[in-house]
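Below is one structure, written out as structure tokens; comments come after it.
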Amino acid sequence: MHELGQGWGGVGGLSGHNEINGNWISAPNSIHEARLKAKAKRRLRKTSSRDSGRGDSFSENGDPSRGTNGTVPPTSPKSKLLDRKSRAGKGRGLPKKGGAGGKGVWGPPGEVYDLEEVDVKDPNYDEAQENCVYETVVPPLEEGAFEKTLTPIVQEYFEHGDTNEVALLGELNLGSMSSGVPMLAVSLALEAKASHRELTSRLLTDLCGRVLSRSDVESSFDKLLRELPDLVLDTPGAPQLVGQFIARAVKDQILSKSYLDGYKGRVDCVHARAALDRAAVLLKMGMGGLRIDNLWGTGGGQRPVTQLVREMTLLLKEYLLSGDNKEAERCLRELEVPHFHHEFVYEAIVMVLESKGEKTFKMVLQLLKFLWVSSIITVDQMRRGYERVYMDIAEINIDVPRAYFILEQFVDKSFSAGFICEKLRDLCPSRGRKRFVSEGDGGRFKLESY
């Protein structure tokens with residue numbers, strides 16, 4: 001036992017031997033070195049685990065570690081600086097702040113922010129602003145900008161004809177200048193077409209009650225009557241046109257029936273008196289059955305085709321009686337159907353084929369050339385008119401036996417005048433000539449075949 005005790009004592013006598021991390025060391029100075037090595041190993045493990053995502057890990061000697069096949073693992077495409085995952089080495093690897101921590105990010109996707117409650121303890125809290133109501137205030141339109149703002153709106157309305165677009169004027173703060181809207185619209189319509197005047201009458205009816213009041217309409221027509229001497233300088237027929245606008249407004253019930261009675265015996269201006277007389281006459285005729293709501297007529301393509309054909313026929317007949325090219329041009333322009341001018345060309349040529357003298361031939365040829373030079377009838381409309389005659393010449397020839405012969409002459413003259421092309425001239429149909437070889441004809445050519 002004593003020896004055993006000495007043996008253990010011998011072992012225990014190795015007081016300078018200690019164990020650190022499973023390593024036996026002999027000297028006291030070596031304890032400090034062992035601790036430094038253990039610390040270096042821990043730091044190396046931590047560094048290698050952090051760089052494992054980049055594909056390069058280092059051994060204890062500092063050499064990069066290799067894979068099983070001796071190749072270096074591929075480098076990760078994402079850099080640690082651009083990774084939004086936590087770098088603290090803790091957690092589940094989820095994005096920081098739930099993905100709402102990036103630059104310029106207001107919060108995680110799908111988050112809805114409620115109204116922020118006012119903190120009474122906030123040093124910037126103002127009790128007067130708690131019950132404050134904010135509204136959008138439109139500044140009143142200046143007088144100098146009134147005409148500049150409304151003129152493009154009215155002119156654009158003449159193109160599309162949608163009164164709802166003009167009703168947006170209610171969003172402007174017109175103030176006391178709202179009575180100038182009807183006056184501006186009527187002034188622009190005086191220099192426009194009849195269809196634009198019809199659109200103006202409809203516009204006044206639709207705006208009354210929404211943007212304008214009846215007092216605004218009445219004061220607007222009062223200004224028009226006072227400024228008629230100036231309007232006559234640009235539009236000689238302004239008094240009659242203003243009178244028609246007044247009659248239409250009374251019929252549409254945007255002017256009171258007593259409006260005309262308020263001017264009896266109180267008008268000194270000749271033009272204003274003519275306008276009021278025109279309105280009074282139209283209203284009396286309306287009581288007798290005249291449709292004042294159709295006072296300006298139906299614009300352009302809104303008319304029935306039969307009515308347009310009838311008006312073009314009357315236009316040609318009046319031209320053959322008067323011979324006035326400019327009047328015929330004005331009447332054709334007022335029809336406002338440039339897409340239907342091929343019908344005018346067709347009716348004019350058919351009238352030449354059905355005529356018996358050369359007067360109609362020459363006058364129609366002169367009229368078509370005049371309309372071609374003035375660009376009233378376009379190339380396409382002229383071509384379509386001639387082609388329609390070519391298609392119907394067989395039926396026309398039943399009633400007019402010499403239709404083919406007259407048409408060939410007219411087409412040749414038209415080509416010589418320069419308002420049809422050579423290709424259109426060559427398309428002109430001609431009646432075929434057939435030779436009969438029979439007894440007694442002597443081999444003659446018969447000009448007409450039956």
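Remark: Ile376 CD1 to Phe344 CZ distance equals 10.5 Å, nearest 0.5 Å. Between the CD atom of Glu422 and the CZ atom of Phe415 there is a distance of 5.0 Å, given to the nearest 0.5 Å. Atom CG of Asp277 sits about 11.0 Å away from atom CG of Leu282, to the nearest 0.5 Å. To the nearest 0.5 Å, atoms CE (Met382) and SG (Cys421) are separated by 11.0 Å. To the nearest 0.5 Å, atoms CG (Leu316) and CE (Met363) are separated by 10.5 Å. A distance of 12.0 Å separates CZ of Arg310 from CD of Glu347, quoted to the nearest 0.5 Å.
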Determine, stepwise, if the pair Arg383 / Asp380 fulfils salt bridge (charged side-chain N to carboxylate O under 4.0 Å, His left out). CA-CA 5 Å; Arg383 177 182 56 80; Asp380 180 65; 2.5 Å; yes
Worked check of side chain to side chain contact (heavy atoms under 4.5 Å, CB included) between Tyr157 and Arg202
CA-CA 11 Å; Tyr157 165 72; Arg202 295 180 185 177; 4.3 Å; yes
Item to check | Worked check of side chain to side chain contact (heavy atoms under 4.5 Å, CB included) between Lys326 and Phe370 | outcome: CA-CA 9 Å; Lys326 294 184 178 180; Phe370 179 80; 4.2 Å; yes
Using the rule given for side chain to side chain contact (heavy atoms under 4.5 Å, CB included), can you reason through Trp372 versus Ile377, listing the C-alpha separation, both sets of side-chain angles and the distance that settles it, and then say yes or no?
CA-CA 5 Å; Trp372 164 265; Ile377 299 179; 5.8 Å; no
Give the intermediate values and the outcome of side chain to side chain contact (heavy atoms under 4.5 Å, CB included) for residues Leu184 and Val181. CA-CA 5 Å; Leu184 179 63; Val181 176; over 6 Å; no
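Looking at every heavy atom in both residues, Pro429 comes nearest to Ile393 through CG-CG2, 3.7 Å. The minimum heavy-atom distance between Ala167 and Leu207, with the atom names listed, is CA-CD2, 3.9 Å. Listed here is the closest heavy atom pair of Arg197 and Ala192: NH2-O, 3.1 Å. What you find for Ala272 and Val267 is that their closest heavy atoms are CB-CG1, 3.8 Å. Smallest separation of non-hydrogen atoms from Asn397 and Tyr404: OD1-CD1, 3.4 Å. In plain terms, the two heavy atoms of Phe410 and Val364 that are nearest each other are CZ-CG1, 4.1 Å.
Within the 3.5 Å criterion, the main-chain N or O of Thr378 finds no donor-acceptor partner in the side chain of His341. For the pair Arg425 (side chain) and Asp412 (backbone), a donor-acceptor distance under 3.5 Å is absent. The backbone N or O of Ser201 lies less than 3.5 Å from a partner atom in the side chain of Thr205, making a donor-acceptor pair. At least one donor-acceptor pair under 3.5 Å links the side chain of Tyr390 to the backbone N or O of Leu424. For Asp234 (side chain) and Leu231 (main-chain N/O), no donor-acceptor pair under 3.5 Å exists by modelled atom type. Under a 3.5 Å cut-off, the side chain of Tyr386 and the backbone N or O of Ile349 do not form any donor-acceptor pair.
Two residues are said to be in side-chain contact when any heavy atoms from C-beta on lie closer than 4.5 Å; Gln409 and Lys413 fail this criterion. By the 4.5 Å heavy-atom criterion applied to side chains, Ser187 and Leu224 are counted as neighbours. Side chains of Leu365 and Ser414 form a contact here, defined as non-hydrogen atoms less than 4.5 Å apart. Looking at heavy atoms from C-beta onward, Val217 lies out of side-chain contact with Leu204 at the 4.5 angstrom threshold. Residues Leu371 and Val345 have side chains not in contact (no heavy-atom distance under 4.5 Å, counting atoms from C-beta outward). The closest side-chain heavy-atom distance from Val337 to Glu343 is not below 4.5 Å. The closest side-chain heavy-atom distance from Leu190 to Phe245 is below 4.5 Å. Under the 4.5 Å side-chain criterion, counting only non-hydrogen atoms from C-beta, Leu276 is in contact with Leu225.
Of the listed residues (Val400, Ile396, Leu353), just one forms a side-chain contact (heavy atoms from CB on, under 4.5 Å) with Leu407, and that residue is Leu353.
In Phe405, the CZ atom is not crowded: 12 or fewer heavy atoms of neighbouring residues, nucleotides or ligands sit closer than 6.0 Å. Annotation: Gln253, atom CD; neighbour count of heavy atoms from other residues, nucleotides and ligands within 6.0 Å does not exceed 12. In the displayed structure, Lys223 atom NZ is contacted under 6.0 Å by more than 12 heavy atoms of other residues, nucleotides or ligands.
The aromatic rings of His196 and Phe158 lie parallel to each other, with less than 30° between the two planes, well short of the 60° mark.
Between the side chains of Ser219 and Asp222, no donor-acceptor pair is found at a separation under 3.5 Å. Side chains of Glu311 and Gln307: a donor-acceptor N/O pair is present below 3.5 angstrom, by distance only.
Among residues two or more places apart in sequence or in another chain, the ring pair (Phe, Tyr, Trp, His ring centres under 6.0 Å) test is passed with His271 by none. Listed by chain and residue number, nothing satisfies the side-chain hydrogen bond (donor to acceptor under 3.5 Å, both in side chains) test with Ser220 (two or more places apart in sequence, or in another chain).
Look at Glu218 and Arg214 and you find no salt bridge, because none of the NZ, NE, NH1 or NH2 atoms lies under 4.0 Å from a carboxylate O. A salt bridge links Arg248 with Asp252: the closest approach of a Lys/Arg side-chain nitrogen to an acidic carboxylate oxygen falls below 4.0 angstrom. A salt bridge links Glu327 to Arg330: one of the charged nitrogens lies within less than 4.0 Å of a carboxylate oxygen.
For Phe340 and His342, the distance between ring centers is under 6.0 angstrom.
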